[in-house]
Amino acid sequence: MGKSRARRFRRAPFSPTGPEQRRDGESDPEDEPAAELLEKLQHPSAEVREYACASISKLLQQKHVIPAFLQRDVVRCLGPLLMDHSLAVRETAAGALRNLSACGGFEVCDDMVTKDIMTPLVALLKECSTGLDANQLSPKKCREMNKNYIEDIANEAINLLWNVCECNNTAVSIFNKEGCLESVLHYMKKFSTNVDLAISVANCLQAVTEDNPDLLSSFNASAQQVLETVMLCPETTMKHILLRTLIAGTIWNIKDTIPPGSLGSMVNAILKIFSESLAIDAGETIIRMNEAEKNRLKLAAETETEENMSDVIDNDVLNEDDDMEEIPKGKVRRENDISDLLPSDKWELKEVTALLMAQQTALEIIVNMCCSEDPSDDEWEELSSSDESDLFMENSYNEGSGLLMSPLCLSDEVNSAFLNNLIPKKILEKTAFPNSVALDICMHNPSWKPLIKKLNAVQCRALTCLHSILLVSDVDCLGGASALQSLAEHLSQLVFSKTELPTDTEFLEAITSALRALLQTMASKNISQCMTPEQLLALCEAGIHSSNVSVRVNVVSILGISGSVLAKGQDTAETLKMIGKFLLEVAMKESSLVVAGEALDALFDVFADGKEAEKAAVQIKLLPALKEFQPVFKMRMRKEGKGQYSTDQLCVLDNVKMNLRRFIAYQEALGKTPT
C-alpha cells in the first residue's frame with residue numbers, strides 16, 4: 001500500500017549514570033523522604049549538601065519516585081547548586097539533574113527547561129571551560145588521588161546538556177544563542193587525556209547539530225579543526241573508536257559547511273571510520289575481553305594474598321622491635337609492582353560496550369545517509385528516485401562480496417567511498433546472529449548480560465541498513481538472480497533457523513522490512529523466490545499478531561508480493577486460496593486501518609490476473625466477500641480516519657478505497673458473480 005519507507009534514525013536514548021559513577025552517602029537514601037532530602041540542599045555544610053545531592057541522584061534513577069520530587073520543585077532546588085562554592089556539590093547536583101533528565105524522559109526535560117535549568121547550566125559550562133586548563137582541584141582532600149573536579153563536573157554538565165537538548169528545541173535555541181559551542185569544543189580538546197569527557201561531548205554535539213541550520217555558521221575553520229584532530233586520533237581502544245564514530249556523525253550533520261570540492265574526501269574519511277568500527281567482530285571481542293577480565297581479577301586476587309602475607313611478616317618484625325618507627329598504614333608499592341597500571345574496574349566490559357555503541361551509531365548514520373532529509377518528518381522519510389543511485393553486487397552474498405551501496409544523496413565521487421571502504425559487505429556481516437559463545441558468556445555473567453540487548457540492536461540496525469540499500473537499488477546492477485537469491489536465503493535462514501519463529505518486535509520489524517524490499521525487487525524482475533509458501537504463511541501468522549503496526553504491514557505486503565508471483569505459475573490455486581483467506585481475514589478483522597488497507601492492496605495484487613488466481617478467487621468467494629466488506633471499510637474510514645491517522649496515511653487509504661471499487665468492478669466484468 002504505497003511506497004515502502006526507509007527509517008531515519010534519531011539519536012539513541014540517553015541513560016542515567018550508573019551507581020558506580022555517583023557517590024552516595026553511608027545510609028540508604030530511600031529511607032529519607034524527598035522533602036527531607038530537598039531541605040538538606042540548603043544546609044550550611046557543604047558535606048551535607050553533597051550527601052543530599054548524591055542521595056537524590058540515586059533515588060532519581062527509579063522512575064516511580066520522580067513525581068514526588070517534581071511536586072517539590074526539585075529542579076529549582078538543585079539548579080542553584082550547579083554554581084555552589086563547593087566543587088563536590090556542583091558535581092553531585094549536576095549528576096542528580098542528569099539522572100532526572102535521563103529517567104524522566106521528554107516531559108521532564110521540557111519541564112526542566114521551562115523552569116530555567118539552562119541559565120545555571122550554561123553558566124556552569126562556561127565557568128568550567130574557563131577553569132579547565134587550570135586543572136583545579138577541590139580545596140578539601142579528594143576522595144580519589146588526582147581527581148580532577150573541573151573535568152568531572154563538566155562531564156556531568158555535558159550529559160545534562162545533551163539530555164535536555166535531545167528533548168527540547170528551546171534548549172537547542174539557547175545553546176545556539178549563548179554560544180555554548182565554543183565551550184563544548186574546548187572540552188573536546190581534552191580527548192587525549194579524558195576520553196570519557198570527550199565521548200560525552202561528542203554525544204552532545206551529534207544531538208545539537210542534527211537539523212540545526214542556525215548552528216552551522218558557528219562551525220568556523222577553528223571549530224572544524226578540533227573535530228578533524230579527533231577524527232585523526234590514532235588510538236585504537238574501543239572508546240576511541242566510539243569517539244571517532246560520534247565525531248564522524250557530527251561532521252555528517254554539518255556537511256553543508258564543507259566546501260563542495262572537499263565533500264568526497266570528507267565522506268571518505270567518515271566511512272573509513274565506520275569501516276574500522278564495523279570490521280571488528282564483536283563476538284570475538286567479548287570472548288577476548290571476558291578472558292582478560294578473568295586474568296586481571298585472578299592476578300589482583302593473587303597480589304592481595306601476597307600483600308596480606310607480607311603484612312603478617314611486617315607485623316611480626318614490628319613486634320620484635322618496639323622501638324622501630326611506626327610505618328604508615330596503607331599499601332606499600334614494591335619494586336616491579338604493576339598493579340597500579342592495571343585497568344580500572346570493569347574496563348573490559350566498558351570497552352565492549354563502547355564498541356557496540358560505535359557499531360550501532362555507524363549503522364544508524366549510514367541509514368540516514370541513504371535517506372533524503374526532510375526536517376518536517378522526524379523519523380520516516382519517503383525515498384525518491386535518483387539518477388545517481390548506483391547499487392550493484394559483483395558476486396553473490398555467499399562469495400563474500402555482498403551488496404555495494406551508493407546513497408541517493410551523494411555524488412559519484414562520494415559513492416565510490418562506500419565501495420572503497422567495503423561498507424556494504426560489513427553491513428551484511430552484521431546481520432548475522434551474535435556469536436553463540438559470546439552470548440553464553442553474557443548470559444552467565446550478570447554485569448555482562450546487558451550486552452545481549454546491544455548485540456541484538458546492532459543486528460537490527462544492520463538489517464535496516466540492508467533495507468535502505470534495497471530501496472534505492474538499481475535492479476540491473478545487483479549482480480543478477482543468483483546474488484539476490486543468495487541474499488534471500490540468508491534472510492530466510494535468519495527467520496527459520498531456530499525451532500521457534502522470532503517474536504522480538506525490533507528484530508521482526510527489521511527482518512520483515514528487509515525481506516519486503518528484497519522480494520519486491522525480485523518480483524519486479526520475475527526472479528524465483530526461495531521461501532516456500534508454508535514458510536511465508538508461518539512468518540505472516542507470527543507477524544500478524546505483533547503489537548507493532550509496521551511488522552503487520554510488512555508481513556501482509558510480503559504475502560501480497562509472493563502471492564502475485566505465484567499467481568503467474570501453474571498449479572498454485574490451493575496456495576493462493578490460503579493466501580487469499582489470510583488476507584481477507586486481516587482486512588476484515590484488523591484493528592488498524594493502515595494494516596487493513598495494506599491487506600486489501602495485497603489482495604488486489606494477488607488476484608489481479610492469471611487462471612490460477614481466478615480459480616482460487618471463485619473458491620474462496622472473494623468477490624462477494626469484498627462487496628460485503630466495502631461499505632464497512634468506508635464507514636471505518638469516516639469514523640476512525642480523522643484524528644487517528646496522518647494526512648499521508650489518509651491519502652493512501654483513499655486510494656485503497658478507490659481501488660477496492662475498481663477491483664470489484666473488474667471482477668464483476670470477468671463474470672465472477674456469486675453462484
Side-chain angles (χ1 to χ4, degrees), residues 8-9 11 176 179 181-182 184-186 188-189 191-192 198 201-235 240-279 358 361-375 381 384 386-391 404-424 426-427 465 468 472:
R8 181 166 178 246
F9 285 102
R11 292 287 300 123
N176 297 344
L181 180 63
E182 182 179 355
V184 169
L185 287 174
H186 190 54
M188 181 61 74
K189 294 177 182 178
F191 76 93
S192 60
V201 172
N203 272 307
C204 184
L205 281 174
Q206 201 182 354
V208 298
T209 55
E210 188 169 17
D211 297 332
N212 186 6
D214 294 339
L215 188 62
L216 295 183
S217 60
S218 300
F219 278 94
N220 52 29
S222 175
Q224 292 182 16
Q225 181 62 45
V226 174
L227 301 181
E228 183 180 342
T229 301
V230 178
M231 282 185 65
L232 297 175
C233 167
E235 296 289 339
H240 284 88
I241 290 174
L242 172 58
L243 174 60
R244 287 194 291 270
T245 301
L246 291 167
I247 292 299
T250 298
I251 292 178
W252 175 254
N253 287 343
I254 64 167
K255 61 185 177 296
D256 289 344
T257 67
I258 307 296
S262 302
L263 182 63
S265 59
M266 180 271 289
V267 174
N268 191 67
I270 289 175
L271 294 177
K272 185 177 180 181
I273 290 171
F274 293 166
S275 178
E276 172 192 29
S277 166
L278 296 174
T361 300
L363 291 166
E364 289 175 356
I365 296 169
I366 292 170
V367 170
N368 292 349
M369 284 177 151
C370 294
C371 297
S372 59
E373 296 188 23
D374 179 3
E381 306 290 330
S384 60
S386 170
D387 292 335
E388 293 180 353
S389 176
D390 180 24
L391 273 82
L404 300 179
M405 170 180 57
S406 297
L408 286 173
C409 50
L410 303 178
S411 66
D412 291 336
E413 178 187 13
V414 178
N415 286 337
S416 64
F418 275 81
L419 314 183
N420 294 337
N421 288 286
L422 301 177
I423 295 292
K426 292 167 184 175
I427 289 172
C465 269
S468 297
V472 299

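None of the values given here were measured: they were computed from a predicted structure. Numbering starts at 1 and runs along the sequence shown.
When the side-chain hydrogen bond (donor to acceptor under 3.5 Å, both in side chains) test is applied to Asn176, the partners found at least two apart in sequence or on another chain are Asn212. In terms of the side-chain contact (heavy atoms from CB on, under 4.5 Å) criterion, residue partners of Ser218 (sequence neighbours excluded) are, by chain and number, Leu181, Leu215. By the side-chain contact (heavy atoms from CB on, under 4.5 Å) test, Val230 pairs with Met188, Phe191, Leu243, Ile247, sequence neighbours left out. With sequence neighbours excluded, the residues that form a side-chain contact (heavy atoms from CB on, under 4.5 Å) with Thr257 are Leu216, Gln224, Ile254. Among residues two or more places apart in sequence or in another chain, the side-chain contact (heavy atoms from CB on, under 4.5 Å) test is passed with Glu235 by Cys233, His240.
For the pair Thr229 (side chain) and Gln225 (backbone), a donor-acceptor distance under 3.5 Å is present.
Going from atom NZ of Lys426 over to atom SG of Cys465 covers 13.5 Å, rounded to the nearest 0.5 Å. Note that the CZ atom of Phe274 and the CD1 atom of Ile366 stand 6.0 Å from one another [nearest 0.5 Å]. Interatomic distance, CE of Met266 versus CE of Met231, reported as 8.5 Å (0.5 Å rounding). Remark: Ser275 OG to Ile270 CD1 distance equals 13.5 Å, nearest 0.5 Å.
A heavy-atom distance below 4.5 Å is not found between the side chains of Thr250 and Glu210. By the 4.5 Å heavy-atom criterion applied to side chains, Leu363 and Leu278 are counted as neighbours. When side chains are defined from C-beta on, Lys255 does not count as touching Val267, because their heavy atoms never get closer than 4.5 Å. Taking 4.5 Å as the limit, every side-chain heavy atom of Leu205 sits out of range of all side-chain heavy atoms of Leu246. A heavy-atom distance below 4.5 Å is found between the side chains of Phe219 and Thr209.
Heavy-atom minimum distance, Asn253 versus Gln206: ND2-O, 3.2 Å. Here the shortest heavy-atom pairing between Thr245 and Ala362 reads CG2-N, 3.8 Å. Nearest heavy-atom pair across Ala358 and Ile241 is CB-CG2, 4.1 Å. Closest approach of Pro234 to Arg244, counting heavy atoms only: C-NH1, 4.3 Å. Residues Val184 and Val201 share a closest heavy-atom pair of CG1-CG1, 3.3 Å.
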